[in-house]
Amino acid sequence: MNIANDKISVGGIPVADLAQRFGTPLYVYDEAKIRENYRRVYQTFTKYYPDFEMFYAVKCCNNPAIVNIMRQEGAGADCASVNEILLAKSVGLTGEKVMFSGNFLSDDDIRQGLESGVIFNLDDISILPRLLKFGTPEMISFRVNPGYGKSNVGEYVTNAGPNAKFGLHPSQVTEAYRQAKAAGIKRFGAHMMTGSCITDADYFPFVTGLLMDIIGQTGKELGIDFEFIDLGGGLGIPYQVGEEGLDLERAAMKTAEMFRTKSAEYGLKPPQLKMEPARYFVGNAGYLIGTVHSIKESYKKIIGTDIGMNVLCRPAMYGSYHHIYVDGKESHDRAALGLCGQLCENTDFWVKDRQLPADIQEGDLVVVENAGAYGFGMSYQYNGRLRAAEVLVHDGQADLIRARETFEDMVRHTTVPAHLKG
Ligand code: LLP
């Protein structure tokens with residue numbers, strides 16, 4: 001994003017032009033920035049641990065265009081559901097370029113996951129016998145809850161530790177792999193995903209140590225090698241203005257060091273190191289453009305926009321901060337204002353007392369920063385407010401990568417029984 005003479009542009013294109021051409025609310029992704037983010041992580045980690053591979057967690061921003069960028073960069077896909085596996089497949093990612101890390105799976109999920117031939121990462125020991133009813137995969141991975149998790153998004157996105165619903169308890173890990181080995185499974189991986197949006201570099205080697213102590217013990221006891229160990233995602237980005245970002249160099253160096261030391265300590269044949277970052281790639285490469293439609297001066301002055309919690313739910317859901325710019329007015333005097341969307345819910349009043357340009361008016365465009373991760377993917381149609389369009393900017397041009405929803409999309413798949421007609 002660039003601001004020149006108060007005018008905001010993304011990937012060299014003025015947001016006013018994007019809004020005029022595609023309408024608002026509009027998600028805009030900067031392809032060059034996504035690639036840059038990916039390469040930064042890849043190059044930094046491979047410097048310290050060359051046998052390194054990344055799987056993009058599709059849930060973060062599931063537009064096939066974005067998943068294709070990841071594929072072109074060399075990433076696989078981390079999928080949470082059969083439909084995400086299908087999406088990965090639709091862009092050419094199959095087999096061991098796909099990791100299936102669903103949780104609390106149905107029999108149907110398990111059968112289809114197995115049939116898809118991707119790497120199956122089981123969230124619980126109880127899934128194994130259910131999986132074996134449908135067949136025996138060549139390789140299996142288990143998601144371990146190493147007992148500790150953390151997140152800048154607070155409790156909400158802390159995915160490990162005693163209060164998390166994910167992963168095997170450490171005491172079940174050896175038994176899980178014992179059963180897998182006894183069932184004739186030959187190849188093994190291990191996985192964890194302990195939290196999202198962490199900007200503390202030392203966290204990554206710390207949790208790696210926890211996982212390696214559990215997995216190392218299991219490997220030693222059962223005499224199995226782990227082909228890969230997947231440390232999940234979690235690489236954080238700063239959301240507040242002036243907030244310090246993740247020291248990637250330190251995170252990579254210390255994590256690789258811990259990984260190597262622990263592999264040697266437990267006599268493991270050096271496993272491949274996998275990670276599944278997502279937010280770090282697309283978070284700061286995505287922007288949400290909205291329009292100010294109506295301004296109210298009641299108990300407070302409230303700026304009404306079309307970017308409510310149905311479009312970007314993170315602030316209402318987690319209390320997350322997203323910085324907002326006003327096109328053409330960034331250098332103007334500021335006042336403490338509120339900003340909301342158009343839903344009939346007061347949680348939609350997601351900005352309170354924010355310093356915004358005092359002369360903001362109807363028709364102005366607002367640009368929300370860091371909207372690329374868990375933005376569009378978590379949006380919904382409540383109040384008949386339909387999902388936004390998505391655009392990819394690259395080489396000075398803008399391509400529509402998802403059309404704005406229409407009324408037909410809202411009622412698609414609904415049926416009115418005959419007795420209710422007439
Ligand atoms: N791998 C697995 C198995 C995951 O569940 C996730 C995200 C990732 C990788 C990618 O994590 P990341 O690198 O993006 O931290 N909706 C929340 C974030 C939820 C994270 C869910 N899992 C938010 O808006 O902050």
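Below, each value reflects all heavy atoms present in this structure, side chains not excepted, and no hydrogens, waters or symmetry copies. Residues take their numbers from the sequence shown, with the count starting at 1. As the structure lists them, so they are numbered: ligands from 1, and atoms in each ligand from 1.
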Check: Taking the six-membered ring for Trp, are Tyr148 and Tyr203 parallel (under 30°), tilted (30 to 60°) or perpendicular (over 60°)?
Finding: tilted

Notebook entry, point to check: Ring centres of Phe226 and Tyr177 under 6.0 Å apart?
Noted result: yes

Next item on the list: Under the ring-ring contact (aromatic ring centres under 6.0 Å, His included) rule, collect the residues that match up with Phe120, sequence neighbours excluded.
Entry: Phe100

Note to self: Going by the rule ring-ring contact (aromatic ring centres under 6.0 Å, His included), which residues pair with Phe281 if we only count those two or more places apart in sequence or in a different chain?
What the structure shows: Tyr38

Checklist line | Validation row: Val393, Leu18 side chains within 4.5 angstrom (heavy atoms) | finding: yes

Next item on the list: Can you tell me which residue pairs pass the side-chain hydrogen bond (donor to acceptor under 3.5 Å, both in side chains) test with a partner in residues 84-95, sequence neighbours excluded?
Entry: none

Next item on the list: Mind jotting down which protein residues get a heavy-atom contact under 4.0 Å with ligand 1? Chain and number order, please.
Entry: Ala57, Lys59, Asp78, Arg143, Val153, Val157, Met193, Ser196, Cys197, Gly233, Gly234, Glu276, Pro277, Ala278, Arg279, Arg314, Tyr318, Tyr374, Met378

